[in-house]
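Every value quoted in this text rests on a predicted model; they were computed, and no experiment measured them. Counting convention: from 1, in listed order, for ligands and their atoms alike.
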Amino acid sequence: MDRRKFFLLTYGCQMNKLDSELIASRMIQAGFEETEREEEAQVLLLNTCSIRESAEDRVWGRIGAMKARKKKDPEVIIGVLGCMAQEHKVFLRTRMPHIDVVCGTREFGRIDALVRESIETRKGVIATGEGGNGDLVQRELSCRPMRAQAFVNIIRGCNMPCTYCIVPATRGPEVSRPVDAIREEVERLVADGVTEVTLLGQTVNAYGHDLERGTDLALLLRELHQIPALRRISFVTSHPSFLTPRLMEAMAALPRVSRYFHLPAQSGSNQVLKAMKRGYTRERYLARIRDLKGLIPEMEFACDFIAGFPGETEEDHRQSLSLIEEVGFSQSFVFKYSPRKGTVSADYLRDDVPEEVKARRNQELLQTQERVSLARNRAQVGEVREILVEGPSKTRKDRYTGRTARNRIVHFANEDPNLVGRYVPVRIVEAQAHSLIGVLQEETRTVLEGDGVLAGKGRAEGASQ
Ligand code: 5AD
Ligand code: SF4
């Protein structure tokens, strides 16, 4: 067989990263071989993102740069996959004719066949229908980047009407995977060393509404919680409208479900939320947070904000700033509004907040969040936390990095690579806005019990009440 090497570049969200694992799985199963060196690959694949214009611009730039390679070596196959493929379809090749394969978000289950077809026919191949769903790909366990952690898709697509968002167009309507298929995949991962899973979906907590009655995220969490070796379960990204009492009760009852909850508000202003068609008010959002904090006092929240949505006034903006303070998010992801062709806000509303105002508001949201994050992180100094060690720090050779059960990044002095993938106690000694510095504790001084609850000196995050 023709063992062609492929190089796969991924842009965008966590869902894209997971899709890339499935794309690589499919290619490897079909006899291709992955390489990290672009220059030695004959198949160049880009898994792309459309969420904001800046994301697309980066991809266009990269595809443009591949033109020289194609000129030198016309046998090279260039494939564009994912959201941009779905959004632009045939027009990708109109703009950049050196692209050979266009593979939409619901076609990558047959990416190998598309690449092969292009090699054999020497023609462009375009697949942007609803064919080979990626979930039918038998996942190659070796394709995941971390041994102890894995992402698992549970629902694809989005049925929500948010006026700014391209996702429903690029990813299509919601389709949930059956509970059995998810459990089977998680069990396979756990047997291969995974102890932390993150369940993924664009509206992850809408899971199950298209399945048998009574199937929802609460049920799935209870099911997965029974797998003994699984120590941490989290899920992203949730929509405030589907944060049901049933889900909250399940989260409270299941101590290994993460105490870090990403619940994007997008804005703190009712006027803007209405124009975005988010389906809740600031007051309802806050009520949900209060309910969950009532059930799980140690719960931490993270948020997404869009700065400069059409019609956003200074007062609206101040409402977003005050939401950060009022909830006390541990983290916020902030984006400048970017009109996406084909969405309601781009087609029917005027992009009337000037670029410099968007940039300033973006900055103010970030600064407010930094202040809040720093104060929250400082409150952790002196505590002992259990972290899952992820690997060497990216910036300092003598440090390793891990994460607490509440998703805080902790750097600590260490040179023992055997700690990667293990849960160890660290004492927090210093706080920054985006991370903590910790000192490894001798494990003999603390006793690890059942669910990763630390007894002895200090109490760990993730401890059940
Ligand atoms: N412009 C700016 N930000 C956007 N997001 C989604 N669509 C847009 C857009 N058109 C942000 C939202 C979402 C995150 C993934 O990206 O905050 O939660
Ligand atoms: Fe986009 Fe809204 Fe769906 Fe999130 S819920 S993916 S913001 S349409």
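Contact atoms of ligand 1 toward Tyr337: 1 (N), 2 (C) (distance under 4.0 Å to a heavy atom of the residue). With ligand atoms numbered from 1 in the order given, ligand 1 contributes 1 (N), 2 (C), 3 (N), 4 (C), 5 (N), 11 (C), 16 (O) to contacts under 4.0 Å with heavy atoms of Arg52.
A side-chain donor from one of Glu174 and Thr203 sits under 3.5 Å from a side-chain acceptor of the other.
If you look at Tyr164 next to ligand 1, the close heavy atoms, those under 4.0 Å, come from the backbone and the side chain alike. If you look at Gln266 next to ligand 1, the close heavy atoms, those under 4.0 Å, all belong to the side chain.
Note on ring orientation: taking the six-membered ring where Trp is involved, the planes of Phe329 and Phe305 are perpendicular (angle over 60°, cut-offs 30° and 60°).
A cation-pi contact, defined as under 6.0 Å to the ring centre and within 45° of the axis, is absent between Arg58 and Tyr11.
Ion pairing between a basic and an acidic side chain is recognised when a charged N comes within 4.0 Å of a carboxylate O; Glu21 and Arg144 show no such pairing.
The N/O atoms of Arg340, backbone and side chain alike, include none that comes under 3.5 Å of an N/O atom in ligand 1.
Ring centroid separation for the pair Phe242 and His239 comes in under the 6.0 Å cut-off.
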